[in-house]
Amino acid sequence: MRYWLMKSEPDVFSIDDLARVRTEPWTGVRNYQARNFMRDGMGKGDGVLFYHSSCEVPGVAGIAEVASAAYPDPTQFDRKSEYYDEKSTREEPRWMLVDVAFKRKLKRTITLAELKDQTRLDGFALLQRGNRLSVLPVTKAQWDAILALE
DNA sequence: GCCAACGTTGGC
DNA sequence: GCCAACGTTGGC
């Protein structure tokens, strides 16, 4: 079992939205490194920190889990989707995703500011300069350190 | 294969 | 709304 962090803008899709729908296909990732983590790294049952980005209080808002193996993101084939990719084909899909299932909402959001204060989290990918990845790996030690703040 | 221009992310 | 970081695109 591995651990991950996945970013979502709460105005678009929040932890409460995930709680409502229970399981959500993680559509729209169009970054190769993030895709590779989903395609090659993730397995069913892996832990996911659900992170709210681009909002008033950025931070970890809940816990989810990987609920499927990777499969082609259907939005890449949909001409009407904002995620449509004309260079992708069904024979050779360019973009993959996993399903993400709700586990629980944290009692409170663990803020980015708090995470930055933790010396135990030095080296955490989320906190590295210029990081913009929307899907990134978390070690067991980092996972435990973050959730200990709840 | 280089690199300038451009677009996007995301914190502040 | 600003801006730093950085990935992608396309001309050469």
Exercise for review: Examine distances only and state if a side-chain atom of S14(A) and a backbone atom of D16(A) form a donor-acceptor pair shorter than 3.5 Å.
Suggested key: yes
Practice item. Only counting residues at least two apart or in another chain, list the ones meeting side chain to side chain contact (heavy atoms under 4.5 Å, CB included) with Y32(A). Key: R35(A), R94(A), W95(A)
Review point. Is the shortest side-chain N to carboxylate O distance from R104(A) to E65(A) below 4.0 Å?
Key: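 Result for this pair is no, no salt bridge flagged.
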Point to revise | Ion pair check, R30(A) and D73(A), cut-off under 4.0 Å | key: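 Answer for the salt bridge query: yes.
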**Study point:** Per-nucleotide pairing state of DNA chain B [Watson-Crick or G-U, under 3.5 Å; [ ] pseudoknot-crossing; | other strand]
**Key:** ||||||||||||
Practice item. Would you check if L49(A) and V138(A) make a side-chain contact, meaning some heavy-atom pair closer than 4.5 Å? Key: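 Yes. Closest side-chain heavy atoms under 4.5 Å.
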Exercise for review: Have a look at V135(A) and tell me which of Q33(A), M38(A), K7(A) forms a side chain to side chain contact (heavy atoms under 4.5 Å, CB included) with it.
Suggested key: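 Exactly one candidate clears the test, M38(A).
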Point to revise | Check: W26(A) ring centre within less than 6.0 Å of F50(A) ring centre | key: yes
Point to revise | Where chain A begins and ends its contact with DNA chain C, read 5' to 3' at 4.0 Å from heavy atoms | key: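 First-to-last contact on DNA chain C, by the 4.0 Å heavy-atom rule, is dA5(C) to dT8(C).
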